[in-house]
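Data first, discussion second: the structure below is written as structure tokens.
Just so we're clear, the structure is a prediction, and the values are computed from it rather than from any experiment. By convention in this document, chain letters (A, B, ...) are assigned in the order of the sequence lines, proteins followed by strands, and residues within each chain are numbered from 1. Values reported hereafter were calculated over all heavy atoms of this structure, with side chains retained and with hydrogens, waters and symmetry mates removed.
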There are 2 protein chains.
Amino acid sequence: MPGGRRKQRVSMADVAKLAGVSSQTVSRVANGQSGVVESTRELVLAAMRELGYRPNSAARSLRYGRFNTLGVILFGLSTTGNSRTVEAIATQAAAEGYAITLIPVGVPTQDNVLGAFTRMGELAVDGVIVIIEVHLLDAATVALPPGVHVVVVDSDAGDRYPVVDTDQADGARQAVRHLLGLGHPTVWHIAGPAESFSAERRAQAWRTVLEEAGRPVPAIGRGDWSAESGYRAGLALPDECSAVFVANDQMALGVLRALHERGRRVPADVSVVGFDDIAEASSFLPPLTTVHQDFAEVGRRCVQALLAQIGAGPAAPGTDLVPTHLVVRGSTTGYRSVG
Amino acid sequence: MPGGRRKQRVSMADVAKLAGVSSQTVSRVANGQSGVVESTRELVLAAMRELGYRPNSAARSLRYGRFNTLGVILFGLSTTGNSRTVEAIATQAAAEGYAITLIPVGVPTQDNVLGAFTRMGELAVDGVIVIIEVHLLDAATVALPPGVHVVVVDSDAGDRYPVVDTDQADGARQAVRHLLGLGHPTVWHIAGPAESFSAERRAQAWRTVLEEAGRPVPAIGRGDWSAESGYRAGLALPDECSAVFVANDQMALGVLRALHERGRRVPADVSVVGFDDIAEASSFLPPLTTVHQDFAEVGRRCVQALLAQIGAGPAAPGTDLVPTHLVVRGSTTGYRSVG
DNA sequence: ATGGGAAATGTTTACGCAAACATGTGGGCG
DNA sequence: CGCCCACATGTTTGCGTAAACATTTCCCAT
């Protein structure tokens, strides 16, 4: 029964023996180097096919000192932003000849982050992209093995590492100004969790715009990014609220439901703006006005920044902001004083 | 300028020299083997810390012949199911001491799939999980390098590989039976793309239940899983439709919007059932009755099945189905004859 | 024909780690 | 007091690859 017991992997030496050449010649053929006569090349290729030869990447990595792999440390793929960013990273990395290794951190405790960083030090990666939006990163950065190339997404570590991020603040500004421009006296805000940098940055921008416009700053609402939490926050909005900027689209969905249940029409009575522009936003009832994030571009820039580091040595800290833009749909309209 | 040029990585030999022991002793300490006296261990650990030693996983892999890494081939993380399955896979793999490498296939053409499989052959992975729901897999399987351990998700490759999948058919049956049980004369269906196995299996089960119940089988609608396509399909539903089973929650969202625009109330005039139970489903207007999929369990079983193969040799083909269950919310209600 | 030289191919070596085997060291027991 | 054994530590070796260097081949110019 052939194949019952898996044979050893085929090495260059095996191919060389079958082809009757030296293993170095096999190596040359495998790497497409010149200096191998056509007939020999054919011979070697035939032997490779016959034996099903596949290069051993461990040996190759050992030889070259590089893995052609990037690590991505994150908490979860469940948030829209993360999965889309990771997808873009994977795609861009593949285009550059790199594979990506996922290093999930289960629960966002500091211990776990430290553990992931430690493990990562032993992983076969040439560089790391950290997608950890919470403040935990602060304390953990000290544990990052020295000499490891790092790019951080969505954080305020811009003083220590190269950071790529969506221009959260500008997106929030656009959202709030849009609502003020529609004549609303002020704008309520339902923010994400306090530990999140994005949430803080969006909330901060919201507050600043209101203050600069001399408008009252209403009490802030809080959610945990989930639609359910948005629903609860929506129920808590006061009756005089005519415009609300919600920190992400999922929570905005919950807000729409809460307002609906309270008999408040959107946008006639209340205008709602979200953030992210998830694919479903245009199918909400009503279609959601929201801030579009270019996750793909974030992923792309991450990879480029990291590869640049790997190629040219450590990069200067700093923040690279990807622009956002407001997409106006049906959930916002001009202010009409409430009876 | 120290650090301007990155120093060579620290090897066991460096640590050994500093600690004044042999590299083998360093190896023993690094792997926590017994047979090293405490004082020596301390010495070595101190040297490791001082030099910032980190084991080289390429050398380790070369030595052991294993990578402790699993590959995941997929088209994209943009679908809810994929990203949640991948997350579960990553988590479970991490718990078992394995990292996971993502191998994205950009556009689902056969060439690209073949390319990914070829590349994968050269990747540093001990096994592969294939998450490719479309029929393209058929032709591509021939390209899977022999001797590579494989588990497939969401496919009909059960005759060739071990397959783990959600029990699509049973979920669809529950959905349709629920609607019939509410008194609806028949049930419309908006299916996913024809190339998708899941879509086909859900549609097939829908048809079978109707036929077994002796009900008329209405013309099938089609979408591409997106909310937008669900919207279009919803606009196309005939007026006499009182119950519709939509192949995923995103499309169901679009259907809800379409029905709303047409002035048809849900669930009073039309009952709607989705599939997936995404987190947002409970915040739709109205909250969506849908079939819950346990993506986490799928991911877990994938990893377990794959590791079992790696440990014990090739596994028999076959399909491992993860149960689903219907979650009844506000989008379905008893049939009332229309006008 | 013959020497020179370029092109083709072969041989040696090191990458970092750890198993297998070899050596050293000290303590217990007859 | 001496022998032997258990345990600590050192040395050798090979995993698969490819750079660096060595050798062979063969064609061409003289």
Side-chain angles (χ1 to χ4, degrees), chain A residues 6-48 51-69 121-126 145 147, chain B residues 6-48 51-69 121-126 145 147:
Chain A
R6 199 61 226 152
K7 217 187 80 49
Q8 285 277 65
R9 266 194 68 156
V10 182
S11 78
M12 281 193 170
D14 300 319
V15 175
K17 197 156 84 177
L18 178 62
V21 300
S22 75
S23 65
Q24 184 57 49
T25 298
V26 177
S27 168
R28 282 190 265 256
V29 172
N31 296 315
Q33 290 179 12
S34 63
V36 180
V37 92
E38 191 53 28
S39 60
T40 308
R41 177 181 303 275
E42 288 299 337
L43 213 59
V44 171
L45 289 175
M48 281 181 175
L51 296 175
Y53 169 76
R54 287 178 296 131
N56 179 320
S57 55
R60 197 170 263 186
S61 292
L62 179 59
R63 193 68 183 64
Y64 284 135
R66 285 180 306 108
F67 300 99
N68 273 21
T69 298
E122 309 180 1
L123 241 41
V125 298
D126 301 313
Chain B
R6 198 63 225 151
K7 215 187 80 54
Q8 285 276 68
R9 266 194 68 157
V10 183
S11 79
M12 281 193 168
D14 300 319
V15 176
K17 197 156 85 177
L18 178 61
V21 300
S22 75
S23 65
Q24 184 56 48
T25 298
V26 177
S27 168
R28 282 190 265 256
V29 171
N31 296 314
Q33 290 179 11
S34 62
V36 179
V37 92
E38 191 53 27
S39 61
T40 308
R41 175 182 305 275
E42 288 301 335
L43 212 61
V44 171
L45 288 174
M48 281 181 174
L51 296 175
Y53 169 75
R54 286 178 295 130
N56 179 319
S57 54
R60 196 170 266 186
S61 292
L62 180 58
R63 192 68 183 67
Y64 286 135
R66 285 178 307 108
F67 300 99
N68 272 24
T69 299
E122 310 181 1
L123 242 41
V125 297
D126 301 313

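A distance of 13.0 Å separates CE of M12(A) from CG of L51(A), quoted to the nearest 0.5 Å. A distance of 9.0 Å separates CG in L123(A) from OG1 in T69(A), rounded to the nearest 0.5 Å.
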Tabulate atom names and distances for all N/O pairs under 3.5 angstrom spanning the protein and nucleotides 21-27 of chain C.
none

Sub-3.5 Å pairs of nitrogen or oxygen atoms, protein against nucleotides 12-15 of chain D:
from: dG14(D); atom 1: N2; to: R63(B); atom 2: NE; distance (Å): 2.5

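Residue Y53(B) places at least one side-chain N or O under 4.0 Å from the OP1 or OP2 atom of dC17(C). The phosphate of dC15(C) (OP1 or OP2) has no side-chain N or O of S61(A) nearer than 4.0 angstrom. Listed pair S27(A) / dA19(D) fails the phosphate criterion, with no side-chain N or O lying under 4.0 Å from OP1 or OP2.
Residues V15(A) and Y53(A) approach most closely at CG2-CB, 3.6 Å, considering heavy atoms. Between A59(A) and L62(B), the closest heavy-atom pair is CB-CD1, 3.8 Å. Across all non-hydrogen atoms, the minimal contact from R41(A) to Q33(A) is NH2-O, 3.3 Å. Residues D126(A) and F67(A) share a closest heavy-atom pair of OD1-N, 2.9 Å.
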Under 3.5 Å, sequence neighbours excluded: what are the donor-acceptor pairs made by side chains of residues 18-32 of chain A?
from: S22(A); atom 1: OG; to: Q24(A); atom 2: N; distance (Å): 3.4
from: S22(A); atom 1: OG; to: T25(A); atom 2: N; distance (Å): 3.3
from: S22(A); atom 1: OG; to: T25(A); atom 2: OG1; distance (Å): 3.3
from: N31(A); atom 1: OD1; to: R60(A); atom 2: NH2; distance (Å): 3.3
from: N31(A); atom 1: ND2; to: S27(A); atom 2: O; distance (Å): 3.2

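Here the C1' atom of nucleotide dG16(D) and the CG atom of N31(A) are 12 Å apart, to the nearest Å. Between R60(B) atom CZ and dA19(C) atom P the separation is 10 Å, expressed in whole Å. In this structure, E42(A) places its CD atom 15 Å from P of dA8(C), rounding to the nearest Å. Rounded to whole angstrom, the span from the CZ atom of R66(A) across to the C1' atom of dC15(C) amounts to 14 Å. Rounding to whole angstrom units, NZ of residue K17(A) and P of dG16(D) are separated by 13 Å. If you measure from atom OH of Y64(A) to atom C1' of dT13(C), you get 16 Å, rounded to the nearest angstrom. As rounded to whole Å, 15 Å separates atom P of dG16(D) from atom CE of M48(A).
Contacts of V26(B) with the nucleic acid, taken as non-hydrogen atoms under 4.0 Å apart, are absent.
Nearest-nucleotide positions on DNA chain D for V21(B) and Q33(A) put V21(B) closer to the 5' end. The 5' end of DNA chain C is approached more closely, in terms of each residue's nearest nucleotide, by R41(A) than by the other of R41(A) and S11(B).
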